[in-house]
Amino acid sequence: MGNKQTIFTDEQLHGRYHELAPHLVPMDYTNEPDCKVPLSLIVNMPELKENPFRNRIVESFSEGGDGNLSFNEFVDMFSVLSEMAPRELKAIYAFKIYDFNVDNFLCKEDLEKTLNRLTKEELTPEEVELVCDKTIEEADLDGDNKLSFADFENMISRAPDFLSTFHIRI
Amino acid sequence: MEALKEQVEEKKKLVATLRNKPWRMKRRLDVLKEAQDFVEKFEGALGKGKGRRLYAFKVMMAKKFIKFKRDFENFKTACIPWERKIKDVESHFGSSVASYFIFLRWMYGLNMVLFGLMFGLVILPEVLMGLPYGTIARKTVPRAEQDTAMDYSVLFDFEGYCKYSILFYGFYNNEKQIGLLKFRLPLSYLLVGVGIFGYSLMVVIRTMARNANEGGDGADEGDFTFSWKMFTSWDYLIGNPETADNKYASITTSFKESIVDEQENQKDENIHLRRFLRVLANFLILCCLGGSGYLIYFVVKRSQDFADMDNADLSWFEKNEVEFVMSLLGLVCPPLFETIAELEDYHPRIALKWQLARIFALFLGNLYTFLFALFDEVNEKLEREKIIKNETELALAHYYANYSSFYNTTDVPPPNVHPADAIRGPCWETGVGIEFVKLIVSDVQVSYLTILIGDFLRAVIVRFLNYCWCWDLEAGFPSYGEFDISGNVLGLIFNQGMIWMGAFYAPGLVGVNLLRLLSSMYYQCWAVMSCNVPHERVFKASRSNNFYMGLLLLVLFLSLLPVVYTIMTLSPSFDCGPFSGQEKMYDVVMQAIDQDLPAFIGNIFTYATNPGLIIPGVLLMVLALYYLNAVSEGYQQANTDLKKKMQAARDEEKNRRNNKDSTNQVMKDLEDLLPNKSLIPRPIEEEPPLDVEKVSKPTKTKPGSSGNGVNLQKEVSLAAPNPRGPVTHGPGPRGGPPLNTRGPQPGPARGRGRGGHPRR
């Protein structure tokens with residue numbers, strides 16, 4: 001999956017950014033131009049192509065939530081998803097990614113969407129319901145039937161696999 | 001000056017932690033630039049230029065070292081064989097089927113070490129430094145057998161050239177020291193034989209201990225199952241479409257497993273019917289076991305009669321009756337047990353354990369009957385050996401007498417008989433070794449054939465006949481087979497048990513087993529992926545493999561017994577093997593201690609084997625066991641207490657918002673006992689429901705995380721509402737402050753133990 005480096009040179013990342021949309025992205029960034037690569041081009045990157053959450057990932061790192069990333073945001077995205085990013089940082093962005101309706105809570109619909117994306121809708125509606133109910137029951141601490149960031153963070157900080165799975169190598 | 005230094009340090013720290021802040025990139029870049037400028041400007045003023053270079057060098061070395069460590073870890077993980085194969089199987093069939101293959105791989109590793117020991121310390125010295133084939137009697141095929149020695153059927157029975165090769169005990173010479181290095185082969189043979197058991201024991205127990213640690217470690221094993229599955233199961237590194245498909249399949253399977261687990265917990269039961277059915281099932285199975293035991297006994301008795309008859313009169317069936325019946329029982333009984341076990345209606349994981357235990361009992365009966373038959377044979381051979389030994393000595397005495405009387409000298413050269421013509425004893429150890437090797441080989445053949453016919457042929461028939469058959473073969477009667485976990489695991493464990501038993505008498509057996517395990521891995525992986533379908537009820541293998549390990553340990557002990565018994569009590573053959581000529585096999589060790597080691601070690605051993613020393617030693621060990629057991633129980637109790645406390649605290653929190661009632665039954669009872677319930681203040685109406693009363697949890701809540709817009713307020717002081725109540729009532733009735741100060745909160749239980757409660 002590409003090189004194993006985590007400390008990039010400017011040219012490498014910029015090169016990757018540039019090749020997404022060669023006609024849009026200038027080679028020269030000294031004047032700090034203001035261009036954004038659209039969502040549809042970014043989600044076709046080989047690292048993101050097979051990810052069921054690719055749209056949400058790109059949207060959470062874009063400023064306006066529309067998925068068009070400037071170069072800074074592009075670098076930000078891969079830096080958070082890299083190995084070196086600390087757990088708390090990853091937890092914040094994971095929460096944003098799974099929050100489909102962007103209301104700062106993981107409500108039941110968000111969980112259902114997540115589950116359906118994960119299983120490609122192979123589970124029956126009753127099973128989906130059961131899993132979402134159990135998830136809320138396990139992680140919700142304040143009893144409001146949805147997961148706030150604190151609930152999510154409490155749960156994810158103890159997960160043994162979180163750091164190793166929430167990781168993209170570029 | 002000091003303040004400046006501090007500021008520079010602060011800026012440096014900021015630069016170091018800049019990556020961890022969840023800011024937008026632009027903001028980070030700005031702050032970084034500012035901090036770097038500041039540091040550069042003022043560090044020069046502090047004259048720290050040179051130190052920076054050394055520091056930079058150290059930092060670079062540290063980074064290189066971390067990278068090297070990571071690469072090495074990656075390399076080690078990449079070296080683990082068959083990892084991708086097993087992951088494939090796991091993603092299609094679930095973790096319980098994959099656990100069989102993981103067990104197989106572990107077994108392969110164990111056998112590799114045993115083979116290394118045996119090969120390097122016993123076989124190789126004999127081959128390199130010992131006498132070659134044909135030089136002495138024990139290493140040569142006897143004249144009578146030489147015509148047929150190369151025939152395929154004879155080799156297949158492990159007679160002929162096979163019997164007189166390094167594969168078996170009889171080949172090894174009993175010279176005390178061989179070759180340039182003066183390698184003590186007999187001593188080494190005995191020590192390796194015992195060392196194999198010692199090493200296996202150590203490895204099995206170490207694996208059990210490690211599994212026990214893993215299993216008991218995560219106190220949160222059951223707490224966040226579904227949450228973790230939902231949020232941490234997708235591997236973001238996947239970029240290959242096929243891998244992604246596998247991952248989807250495995251995630252779905254894993255969810256289904258957990259759902260099954262969850263539903264089992266919620267089922268309600270009709271206890272009496274269940275109990276009756278279970279008793280009935282157990283009774284039926286006991287009958288089956290008894291029946292099979294008797295059948296084997298009967299067949300073994302018959303085979304002893306057959307052994308007396310002439311070999312040529314017997315048909316193939318009668319010659320191999322014992323092995324045939326044992327294999328048949330091994331094939332027929334497990335499915336029978338499974339059918340009967342359907343009466344019991346257990347959770348699949350528990351049902352699997354019961355199935356394993358029953359098949360274990362079956363195989364154990366088979367194995368020990370086989371062993372008893374073998375012992376009869378050994379005893380009979382020992383008898384014959386005595387006769388032959390007497391004959392040989394008689395012949396030798398005659399020869400000497402004739403020679404000296406003929407040539408009139410007392411200096412008699414040893415008789416020059418060609419090795420192939422010398423009189424041979426029956427060599428019971430080689431006989432035992434041959435029996436074990438034959439058993440293992442027939443076991444392998446049976447299992448491979450079963451897979452070929454039972455799975456592959458069946459799958460081919462179902463797939464191709466389906467086009468022209470009346471009912472749907474795939475969904476209906478035969479359909480595709482499911483992978484039989486319990487049968488395979490037990491087969492593997494018993495196979496290993498037989499290796500342990502036979503390795504002493506047939507050093508080549510471990511090598512044969514290694515080949516068998518290797519081919520088994522590839523063959524079974526292929527068979528599973530192409531002919532089997534996942535189980536209807538998918539369930540997770542128990543987290544620790546300790547059940548399998550426990551069975552393995554038991555089998556290890558059971559296979560240790562016969563070998564130790566023969567070493568201690570039976571006398572070795574007089575003309576074959578490394579111990580020929582000794583009274584008992586362990587005499588080699590005694591000789592080595594007496595003659596080769598310095599005197600005081602011999603004294604130490606004499607003292608150590610004194611019963612006066614051994615009995616207190618055993619007592620001490622028993623006491624230590626008891627003590628450690630008690631300590632571990634104490635820890636487990638403390639663990640469960642802590643868990644209960646945490647759970648109670650969480651439940652309280654949850655119900656606090658919902659119904660403001662104490663969830664604790666004890667609390668409820670106490671409340672009921674209060675004299676005047678109407679006086680309990682009800683501050684609920686005074687609290688606006690919009691008040692975000694978020695409890696500050698024991699875990700961290702960083703100020704940084706509030707950057708997300710989530711409001712985390714500290715716990716609102718609970719002292720506020722309550723005093724308002726009692727104050728309005730005045731000091732007359734016994735409500736109010738005394739009520740609140742007396743015990744734990746009555747009425748609105750507000751997260752007891754959370755924050756500072758002045759009343760406590």
Side-chain angles (χ1 to χ4, degrees), chain A residues 1 4 46-53 63 72-73 75-76 79-81 84-86 88-89 92-96 98 104 111 114-115 118-120 122-123 127 130-131 134-135 138-144 148-150 152-162 164-169, chain B residues 19-22 24-26 28-29 63 70-71 74 218 220 223-241 243-244 247-249 251-252 255-256 258-259 262-263 650 653-658 692-695 697 699-702 704-705 707-710 712:
Chain A
M1 284 254 51
K4 280 211 264 198
E47 288 87 354
L48 288 177
K49 212 166 33 132
E50 297 297 331
N51 197 316
F53 301 111
E63 216 165 300
N72 278 338
E73 289 157 356
V75 170
D76 206 13
S79 131
V80 168
L81 286 168
M84 309 275 284
E88 296 79 20
L89 195 57
I92 294 171
Y93 280 102
F95 185 75
K96 287 171 80 163
Y98 295 123
N104 271 331
L111 295 180
T114 310
L115 189 59
L118 275 177
T119 58
K120 276 201 171 171
E122 291 261 331
L123 295 179
E127 290 174 338
L130 177 68
V131 171
K134 282 298 293 178
T135 308
E138 283 171 359
D140 187 18
L141 290 176
D142 50 7
D144 54 0
S148 67
F149 175 68
F152 181 78
E153 216 239 335
N154 175 45
M155 177 266 294
I156 213 86
S157 62
R158 299 179 203 197
D161 305 327
F162 177 58
S164 54
T165 54
F166 196 70
H167 167 214
I168 292 187
R169 224 174 256 156
Chain B
R19 274 191 180 169
N20 303 354
K21 303 224 189 277
R24 292 279 168 211
M25 202 59 176
K26 200 162 179 308
R28 261 191 257 183
L29 284 174
K63 279 194 197 154
R70 198 177 59 211
D71 283 342
N74 283 350
D220 307 307
D223 282 359
F224 292 117
T225 335
F226 283 97
S227 323
W228 287 347
K229 275 199 208 294
M230 191 174 296
F231 294 116
T232 65
S233 58
W234 179 262
D235 189 355
Y236 281 52
L237 277 173
I238 292 179
N240 176 4
T243 321
K247 193 67 181 170
Y248 285 123
I251 291 181
T252 314
F255 269 113
K256 291 206 169 149
S258 298
I259 293 176
E262 190 60 33
Q263 282 168 344
R650 281 222 299 180
E653 258 317 294
K654 273 199 191 162
N655 286 288
R656 194 165 58 82
R657 272 219 107 199
N658 294 343
V692 179
E693 229 180 74
K694 196 84 191 70
V695 176
K697 297 177 302 316
T699 58
K700 31 213 167 348
T701 27
K702 290 229 212 48
S705 50
N708 239 356
V710 174
L712 292 176

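Below, all heavy atoms of this structure are taken into account, side chains as well, without hydrogens, waters or symmetry copies. Lettering follows sequence order; numbering is per chain, from 1.
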Problem - Heavy-atom proximity to chain B below 4.5 Å, by part of L130(A) - result: side chain
Handout entry: L111(A), part contacting chain B, at a heavy-atom distance under 4.5 Å
Key = both
Practice task
Output the option from M155(A), E73(A), K120(A), K49(A) having the highest count of non-hydrogen pairs under 4.5 Å with chain B.
Solution key: M155(A)
Problem - Contacting moiety of F231(B), where chain A heavy atoms sit under 4.5 Å - result: both
Problem - Student check: side-chain heavy atoms of N72(A) and D76(A) closer than 4.5 Å - result: no
Practice task
Report yes or no: do T252(B) and E122(A) form a side-chain donor-acceptor pair below 3.5 Å?
Solution key: no
Exercise for the section: Report yes if the distance between the aromatic ring centroids of Y98(A) and F53(A) is under 6.0 Å, otherwise no. Expected result: yes
Exercise for the section: Using a 4.5 Å cut-off on heavy atoms from C-beta on, say whether the side chain of K229(B) contacts that of F255(B). Expected result: yes
Handout entry: Under 4.5 Å from a heavy atom of chain B, the part of A94(A) involved
Key = neither
Practice task
Take the angle between the ring planes of F152(A) and F149(A) and call it parallel below 30°, perpendicular above 60°, tilted in between.
Solution key: tilted
